[in-house]
Number of protein chains: 2
Amino acid sequence: MKSEEIAKIAGVSRSTVSRVINNYTNVPDETKKKVLEVIEKYNYQPNTCARVLAGKKSDTIGLFVVSIADAENPNRLYKNDYFNQFTNAIVDCANSRGYYVLINIIYCESDYSRVNEIFLQKRIDGGIVLGTEKEAETLIKISKKGCPIALIDYDAEEIRKNKAENENLILVGSRDYEGAAAAVEYLIELGHTDIGLLAGRMTTYSGRQRYKAFFDTMKKHNLEINDQFVLHGDFIKSKTSNEVHALISKGRLPSAIFSSNDDMAITAIELFKENNIRVPEDISIIGFDNITLASLVKPSLTTVETPIFDIAEKTVKELISNIQKTGKGFKSYSYNTKMVIRETCAKK
Amino acid sequence: MKSEEIAKIAGVSRSTVSRVINNYTNVPDETKKKVLEVIEKYNYQPNTCARVLAGKKSDTIGLFVVSIADAENPNRLYKNDYFNQFTNAIVDCANSRGYYVLINIIYCESDYSRVNEIFLQKRIDGGIVLGTEKEAETLIKISKKGCPIALIDYDAEEIRKNKAENENLILVGSRDYEGAAAAVEYLIELGHTDIGLLAGRMTTYSGRQRYKAFFDTMKKHNLEINDQFVLHGDFIKSKTSNEVHALISKGRLPSAIFSSNDDMAITAIELFKENNIRVPEDISIIGFDNITLASLVKPSLTTVETPIFDIAEKTVKELISNIQKTGKGFKSYSYNTKMVIRETCAKK
DNA sequence: CTGAAAGCGCTTACAG
DNA sequence: CTGAAAGCGCTTACAG
């Protein structure tokens with residue numbers, strides 16, 4: 001069924017059918033009603049490709065999820081709760097605004113070229129990149145060519161520096177520095193002085209912010225940091241296991257650990273338990289993100305909540321506004337985090 | 001950049017450029033090389049919509065995830081680990097075979113019309129429906145019109161009955177009846193005779209199979225079933241809480257419970273713990289699915305593993321083969337489940 | 001207010 | 001082996 005057939009049945013021209021579909025104001029109610037009835041009756045849906053080719057938008061957003069999981073794990077992303085929540089929230093928000101979501105997983109640097117390809121193929125009106133802060137230059141270049149792009153968890157300051165003129169770039173994230181600082185302050189308030197760090201991946205903005213906040217806060221309180229207690233988990237389960245194992249085998253432990261995300265915190269807690277190190281009696285630990293799992297593990301994880309749903313919603317909303325040119329220009333938004341106190345931290 | 005410009009630069013016609021792109025065999029190597037060089041140099045990507053309009057496939061698969069989560073939860077799907085794993089596996093498999101995935105969340109019956117709409121809009125070449133076994137008739141009707149559709153976790157027998165002539169339908173699932181029967185057998189072997197059931201949603205195939213297997217296996221061993229011990233959690237957390245609460249308040253408990261999925265099992269365990277009922281000392285519990293969480297909760301959950309990745313991979317593979325017409329006809333595949341013994345079941 | 005016509009960027013018989 | 005041309009199903013100036 002195509003618009004021409006609808007036109008014939010309704011006794012009008014294709015132009016008029018098109019005007020009705022596209023909500024032109026200069027179609028008399030009667031004509032409109034007649035056409036809509038036929039459309040309804042035959043369950044007609046305009047061919048999206050023909051519309052796009054004729055100049056309409058595709059109403060499709062590309063979601064590019066950058067996997068940071070272990071390369072050796074064949075199912076990779078597959079188990080990352082944090083990304084899953086984001087993905088669902090984004091799909092949900094987009095769908096409810098009448099947008100379709102084309103989802104892509106990016107495993108390696110060369111996969112970034114897909115972002116550009118998909119834009120060039122005219123498959124999408126805009127893109128959201130979620131994950132490690134890689135290839136920012138590539139993405140900025142694409143956005144400068146007129147493709148609206150939203151970046152989640154990228155360093156706004158860094159990008160703003162010389163890209164302020166960019167009209168198609170949106171940055172959304174959370175104030176992780178403040179969140180991480182609050183977490184460390186909390187441990188200090190509990191009386192801890194010998195605090196360790198489970199650091200995230202330095203190629204991510206959040207990884208760096210949480211790292212920096214840890215050192216700054218410790219310094220602010222004149223607390224020394226034992227190099228042995230700075231573990232590089234890189235947001236990866238296997239690396240975290242290795243690092244925590246190494247720590248345990250050295251014999252001496254900090255009295256508390258700030259972990260740059262929940263996944264690593266949970267991995268660490270598992271290992272501590274296996275080695276008869278009690279949490280929080282022997283060691284306190286605080287995570288970051290408040291993933292679903294955080295409230296379900298035992299002991300439940302004290303953590304800092306990232307407002308995933310708010311971030312996702314804002315990202316979708318602003319991206320759509322850029323696509324429709326209702327709002328333009330470089331935009332950057334940052335959301336507050338929130339401490340969620342549960343069972344893994346005790347007084348020293 | 002369009003094919004005509006590439007043609008001009010390469011000194012050939014649009015037709016030839018198109019032939020190169022579409023891998024026609026009758027293009028001499030030299031011509032092919034020349035054209036490919038220009039395409040490469042200018043980073044040309046053909047406009048997908050123009051290709052589709054001219055008769056090509058869109059190389060896009062629609063993924064329709066049916067949410068069964070609590071209606072009152074605004075984030076709904078958002079927290080369902082089981083679906084997330086499926087989604088990721090499907091995207092992963094499709095991407096690696098050169099297919100794009102358009103993802104949609106279906107919340108209510110009326111959302112099913114979107115499946116048809118998206119096909120009619122020519123946005124997708126095929127669709128995968130994942131979730132509760134609703135609206136099978138609607139979906140079968142769509143597939144009969146020539147749209148390849150794959151259904152995950154639908155009742156093959158039921159559909160096969162009078163639809164064997166359907167060329168575009170694929171069913172993939174797991175042998176849940178056998179898996180559930182094995183789980184109940186396991187509890188019986190441990191010496192349990194007073195076994196309860198946490199039943200899933202009866203509108204799902206897996207919900208019914210797991211339910212039926214429980215009753216059949218109990219009967220096979222001449223074990224009585226106490227009506228009070230049959231709880232209807234419907235795969236929903238809040239309903240499960242209510243049912244388990246009611247059971248606990250009645251005072252008498254079964255010595256073991258077969259739960260139709262891990263989510264409900266984990267919810268139940270939480271409640272038992274809150275009421276000082278020890279798992280597995282006071283009550284044994286076995287789940288189904290082996291979601292990520294199952295190995296992480298304490299005590300870790302004994303369960304029956306559904307081979308999510310295998311199912312996803314097979315679904316994508318067969319759907320693509322139907323799209324490309326390399327393999328045709330009604331197809332139905334079923335995968336074996338596997339017991340994963342952990343810590344939540346003890347001898348009676 | 002509305003129709004005829006051009007055009008979007010491809011692919012593919014068709015003819016040579 | 002290859003180009004000119006028709007056609008895919010829309011939208012939108014243009015003219016009336």
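Numbered from 1 within each chain, the chains take letters A, B, ... in sequence-line order. Because the structure is predicted, anything quoted here is derived from the model rather than measured.
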Under 4.0 angstrom between [X] side-chain N/O and [N] OP1 or OP2:
X: B/Y44; N: C/dC10; result: yes
X: B/S18; N: C/dC10; result: no
X: A/N26; N: C/dC1; result: no
X: A/S15; N: C/dA4; result: no
X: B/Y24; N: C/dT12; result: yes
X: A/S3; N: D/dC10; result: yes

Atom [atom1] of [X] to atom [atom2] of [N]: distance rounded to whole Å?
X: B/L120; N: D/dC10; atom1: CG; atom2: C1'; value: 15 Å
X: A/E4; N: D/dG7; atom1: CD; atom2: P; value: 12 Å
X: B/N47; N: C/dG9; atom1: CG; atom2: C1'; value: 6 Å
X: A/I39; N: D/dC10; atom1: CD1; atom2: P; value: 10 Å
X: B/D59; N: C/dT11; atom1: CG; atom2: C1'; value: 14 Å
X: A/Q121; N: C/dC8; atom1: CD; atom2: C1'; value: 17 Å
X: A/K122; N: C/dG9; atom1: NZ; atom2: C1'; value: 10 Å
X: A/Q45; N: D/dC10; atom1: CD; atom2: C1'; value: 14 Å

Picking from [options], which would you name as closest to the side chain of [X]?
X: A/R14; options: D/dC10, C/dC10, C/dC14; value: D/dC10
X: A/R19; options: C/dT12, D/dA13, D/dT11; value: D/dA13
X: A/I21; options: D/dT11, C/dC10, D/dT2; value: D/dT11
X: A/L53; options: D/dG3, C/dC8, D/dT12; value: C/dC8
X: B/K2; options: C/dT12, D/dC10, C/dG9; value: C/dG9

Practice problem: Report the C-alpha distance between B/E313 and B/K317 in whole Å, list the side-chain angles of each, state the deciding distance to 0.1 Å, and finish with yes or no for salt bridge (charged side-chain N to carboxylate O under 4.0 Å, His left out). | Solution: CA-CA 6 Å; B/E313 191 171 41; B/K317 204 178 136 209; over 6 Å; no
Quiz item: Of A/R51 and B/A54, whose closest DNA chain D nucleotide lies nearer the 5' terminus?
Solution: B/A54
Quiz item: If you pin B/G11 and B/G55 to their nearest nucleotides in DNA chain D, which one's is more 5'?
Solution: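 Closer to the 5' end of DNA chain D: B/G11.
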Exercise. Give A/T48 one of three labels, base, sugar-phosphate or nothing, depending on what nucleic acid heavy atoms sit under 4.0 Å from its own.
Key: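 Contact class for A/T48: none.
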Quiz item: Is the closest side-chain donor-acceptor distance between B/T31 and B/R19 under 3.5 Å?
Solution: no
Quiz item: Among side-chain atoms of A/Y107 and B/D92, is any donor-acceptor pair under 3.5 angstrom?
Solution: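 Result is yes, a qualifying pair exists.
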Self-check item: Comparing A/T31 and A/A50 on DNA chain C - which has the more 5′ nearest nucleotide
Solution: A/T31
Self-check item: Pairing pattern in dot-bracket form [Watson-Crick, G-U; both distances under 3.5 Å; | = partner strand] for DNA chain C
Solution: |||.||||||||.|||
Quiz item: Could you state the interatomic distance from NZ (B/K122) to CG (A/N47), rounded to the nearest 0.5 Å?
Solution: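 One finds 6.0 Å between NZ of B/K122 and CG of A/N47.
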Quiz item: In Å, rounded to the nearest 0.5 Å, how long is the span from CG of B/L169 to SG of B/C147?
Solution: 11.5 Å
Quiz item: Between A/K33 and A/E37, is there a salt bridge with N-O shorter than 4.0 Å?
Solution: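 Salt bridge: yes.
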Quiz item: Hey, are the side chains of A/V12 and A/V20 touching, using non-hydrogen atoms and a 4.5 Å cut-off?
Solution: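 They are not in contact (no side-chain heavy atoms under 4.5 Å apart), so the answer is no.
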